[in-house]
Each structure stands twice: as C-alpha cells, then as structure tokens.
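Data first, discussion second: the structure below is written as structure tokens.
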Amino acid sequence: GARYEGNKFLVRLSGTDLASGRTVIARLREAIARQLAPVGAGDVAFRVSASGPMTDPDQMTATVELNALSPTYNNIALDSARLNGTFTAGVIRLDDFAAIASDQWVTAQGYAVVGQDSLGNWALVDNAPTQGALRMANFDLSTLAPFLPTGVSAEGIAELDVSWEGPAGLPSVAGEMSLDSGRIAWVSESPDGTESEESITGITIHGTIVDSTLRLERADAEVAGRRLALHGTLTLDGQKEVRHDLTLLMDSKRVMTTEA
C-alpha cells in the first residue's frame, strides 16, 4: 500500500484479477466501515502496514500500532489506549493492548493461527496452538452502553483475570472473575403494545476457573422480588458443549438440581 495525493491510498494486489480485486476491496471497505467509530479530542498516533497476497494468509505480513492520550471512542472517554500487534504467516499476535480510564482498565495479549476454510473464509485453526490473557480491573459495565441493544442497560463493577493456552478448538482456561452490584434492565412490550422496564438486580457473581471449569463460589440476584442463587460448576467440553453440575435456590430453598 502507498499514500496517493494526501488522504488517498493505493493497494497493490499481486496475482489478482479484476473480479477478485473488486471482491477484496469490497470486503476491505465493509470491514473498515464496521470497525471505525468517531474519535474525539486527544492525541492519537496510528500506523498500519501490510504486504503479501490477501488471498493467502500464509504469505501475508502486517503490523498495527496505536498509541492515544485522552481519546474518545463511541462517547467513551479514556485516559490512554495502546495496541501493538502483528500478522505473519497466518499467526495473529497481540503483543500489547491496554485501555485505561480513571481507576478502571483492560489489558490483553496473546496469539492464534488463522487459515481459510472450505468456503474461503478466514477462521481460527482448531488444532493450532493459541495462548493469551485478558484482565479487567474495576470495569464499570455502564461503559458498554454504546454497544448494547436499544432499551438494554447494564450496571455493576467487574473484575476478570483469565488466561488460556492449548489448541484453539479447546484451550485450557484458568483465572478468576467477579461482578458486584450488578443490574441488567430491558424494555419489554406487552401484547397490547404497552412498554415496561424489567430488570434483574443485586447481581453478584464470584468464581474461579481451573482447567476450563468455572466454579461458582457465589452467584445470586433478585428477579421479580425473589432472591435466586446458583451454585456448582460449568466445564467447557468442546467449542459448543458445556458440562454442568448446578443447584438453583429460591429464597434460600433448593428448587432444582441439574447435571449433564
């Protein structure tokens, strides 16, 4: 790629005919449109470089660097943000990501291998190794407001410290998670068209993860004036399979036990 006449860019697609080139550019334009959002005041340094045929990830290389002071993204004001990542021979590597706002922050790092499936779409390679970590401290769920559906709101303070390693299809996950003072609200519509707000309040979740098994040390909330509590374990046993051994209590009385 190269800059052309100030704010324009050229992209060279070697070994690509006109029809394929149009397809690639259309996908690139759609991807950028989905990802870009208004950025408010702040100092932002952003650099992207890429080379190689986009139709063959094994031959592509790319780097992304972002450093920002006091940026605003989707009306979310941050103190600072940074991102450094590379893509080489099918391996996506996130060397460093951090977003900091006052006393809350999110960090992440890791790598994964991607390839093309039978339909030509890029996807994670299930049997390829992956590794990473995600950490959140004092994360205020109300920050997610711009990304939630209309009429849905979330509150609460979340903490997360999770790491994973192993084949992408079923990595081993370990860590801790918690949510305090949680509340989820949404607008529902009755058959006659009347709208009303419903909510789940007093949400508290504390859990630990060992060998991909989440053990709920505490999980309770208030729903329709009743106090519900859930105890037990959830184990990831495949990309779409979860084994569970759970007990549900209502107002401190056991009402259901499930195991599968």
Side-chain angles (χ1 to χ4, degrees), residues 1-16 20-116 120-125 128-137 139 143-144 146-147 160 162-165 168:
R3 184 181 293 274
Y4 176 69
E5 292 185 356
N7 63 347
K8 303 180 182 68
F9 290 84
L10 295 175
V11 179
R12 180 180 179 182
L13 304 175
S14 302
T16 304
S20 298
R22 286 174 174 169
T23 300
V24 170
I25 293 302
R27 290 178 177 176
L28 182 61
R29 184 171 57 246
E30 292 172 0
I32 292 174
R34 287 195 301 269
Q35 295 299 323
L36 289 183
V39 176
D43 296 324
V44 179
F46 184 59
R47 184 172 73 89
V48 177
S49 63
S51 63
M54 296 185 69
T55 54
D56 186 355
D58 288 337
Q59 298 184 43
M60 277 195 65
T61 62
T63 61
V64 178
E65 297 178 9
L66 168 68
N67 286 281
L69 292 177
S70 303
T72 301
Y73 178 84
N74 265 353
N75 295 321
I76 299 175
L78 302 175
D79 293 335
S80 64
R82 65 178 184 270
L83 183 152
N84 293 282
T86 61
F87 180 83
T88 305
V91 178
I92 297 177
R93 185 178 298 276
L94 180 62
D95 296 311
D96 179 33
F97 168 78
I100 302 171
S102 186
D103 61 344
Q104 59 179 314
W105 50 265
V106 179
T107 64
Q109 63 84 25
Y111 69 85
V113 180
V114 299
Q116 290 181 297
N121 299 316
W122 290 13
L124 293 179
V125 179
T130 184
Q131 176 272 329
L134 174 64
R135 296 180 175 87
M136 297 191 306
F139 186 77
T143 306
L144 300 176
F147 308 101
L160 181 68
V162 174
S163 62
W164 60 91
E165 185 173 8

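Note that this is a predicted model, so its numbers are computed, not measured.
Here CG of Asn67 is found 6.0 Å from CG of Asn84. Values are rounded to the nearest 0.5 Å. Distance check, rounded to the nearest 0.5 Å: OG of Ser70 to CG of Leu78 gives 9.0 Å. Here the CG atom belonging to Leu124 is positioned 7.0 Å from the CD1 atom belonging to Ile92, to the nearest 0.5 angstrom. Interatomic distance, Arg135 CZ to Ser163 OG, rounded to the nearest 0.5 Å: 7.0 Å.
With sequence neighbours left out, the side-chain contact (heavy atoms from CB on, under 4.5 Å) criterion links Ala62 to Ala50, Phe87. For Glu65, the side chain to side chain donor-acceptor pair (under 3.5 Å) partners at least two apart in sequence or on another chain are Arg47. Every side chain to side chain donor-acceptor pair (under 3.5 Å) that Asp96 has, sequence neighbours left out, goes to Arg82. With sequence neighbours excluded, the residues satisfying side-chain contact (heavy atoms from CB on, under 4.5 Å) with Val64 are Phe46, Val48, Leu83.
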Going through the distances and angles, do Val113 and Thr130 end up as a side-chain contact (heavy atoms from CB on, under 4.5 Å)? CA-CA 7 Å; Val113 180; Thr130 184; over 6 Å; no
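The stretch residues 100-115 participates, sequence neighbours left out, in no salt bridge (Lys or Arg N to Asp or Glu O under 4.0 Å) pair at all.
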Would you tabulate the side-chain donor-acceptor contacts of residues 104-112 under 3.5 Å, counting partners in other chains and residues two or more places apart, or write 'none'?
residue	atom	partner	partner atom	Å
Gln104	OE1	Asp140	N	3.0

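Contact of the Phe97 side chain with the Leu134 side chain is not registered, since no non-hydrogen atoms from C-beta on lie closer than 4.5 Å.
Nearest heavy-atom pair, Ser80 versus Leu69, reported as atom, atom and distance to 0.1 Å: CB-CD2, 4.2 Å. Closest approach of Ala101 to Ala77, counting heavy atoms only: CB-O, 3.8 Å.
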